[in-house]
Amino acid sequence: MRESSLGFCNCEFGHIPNEESLFRVIPAPLEKSVSYGGGTKAGPEAILAASEELEPVYLGTVPGEAGIEVAPPVNCDLECQSVLDQIGLEVFRSLDTKKVPVVLGGEHTVTYGAYSGIKRFFSNDDIGIIQIDAHADLRDQYQGNPLSHACVMRRISEQWNPRIHQIGVRGISKEEFDFRNSHPHITFQDAPELWKQGLSKPFLPDDFPSKVYLTFDVDGLDASLMPSTGTPSPGGLFWHQVETILEELVRDRELIGFDLVELAPCPQFNSPDFTAAVAVYAGMWAVCEGRENNAIR
Ligand SMILES: [Mn+2]
């Protein structure tokens, strides 16, 4: 695999030494279980390329001033579980060196690896998961594969039983619908309710953990905003809804890491790649804001 030499918004923040950087971006170009449109293995590189067009100020602050290191891409040519183990190790190492991991997929399966690294580091803490997604990803198997992107939250749920809050779901199987309804640790605000009622206030249950990991499947966005993904779906989130979710999230909770997955770039069509880069930068804003609001070092 070719090693990416790209940074994240390098033209603005490339002068900050890696050892001083708060963020560690981990490219994870995994593409093994794609069921419809392919191309997500090109996602991380497209996001890094698009990041060079970002403006540094976001909501009145400059999150990139905290420093953004980009790790070499995870070797995704190995067997799937080995790739997930590598991602978990990279996430653990990031946290262990006081950095905030930012995983770029690749298919949604990468979140299983990423969360394993989160739980290895925060072994005594409850870490809630916010999942922005068009799909619940709670299938036991999909096309015979338990490590399919469509099963990732089921695997995480079975292994660690964390609190999960899903936002923007609008494609769900009967199996997933029943599973979700019989597992009260999984809460949700699906896309139709989000559209009709606006974001719930408060948007998370009161007893949701104070430390949160975000997994952002770009197909949670409306297909008009995000056509460059395996399963673009109508009726999804628009940008300022995402921004509001992040603002509400860090008002009294801390974002300890996040991933952004399932971008499948279309050649000659830059806007979704740039949207994904903005989403990553917005996530970094949320990390900084959460640390400040909650005075966590
Ligand atoms: Mn997903």
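For ligands, and for the atoms within them, numbers begin at 1 and follow the listed sequence. Quick note: numbers below take in every heavy atom, side chains included, and nothing from hydrogens, waters or symmetry partners.
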Check your understanding: Would E90 and R24 pass as an ion pair if we require N to O under 4.0 Å?
Key ->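 Between R24 and E90 there is a salt bridge, with a charged N closer than 4.0 Å to a carboxylate O.
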Worksheet entry | For the Mn ion (ligand 1), every protein N/O/S atom that sits closer than 2.8 Å, waters excluded |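 Per the 2.8 Å query on the Mn ion (ligand 1), atoms found are H108 ND1, D133 OD2, D137 OD2, D217 OD2.
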Open item on the list: Ring-plane angle category for H185 and H183, please: parallel below 30°, perpendicular beyond 60°, tilted otherwise.
Closed with: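 Rings of H185 and H183: perpendicular, over 60°.
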Query raised in the report: Which class fits the ring pair W160 and Y115: parallel under 30°, tilted 30 to 60°, perpendicular over 60°?
Result: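 W160 vs Y115 ring planes: perpendicular.
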Requested in this report: Find out whether the Lys NZ or Arg CZ of R253 is both under 6.0 angstrom from the six-membered ring centre of F208 and within 45° of the ring's axis.
Outcome: no
Does NZ or CZ of R120 come closer than 6.0 Å to the centre of the six-membered ring of F92, within 45° of the ring's axis?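 Yes; both conditions hold, so R120 lies above the ring face of F92.
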Just wondering, do V212 and I127 contact through their side chains at under 4.5 Å, heavy atoms?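 Result no, sub-4.5 Å side-chain heavy-atom pair not found.
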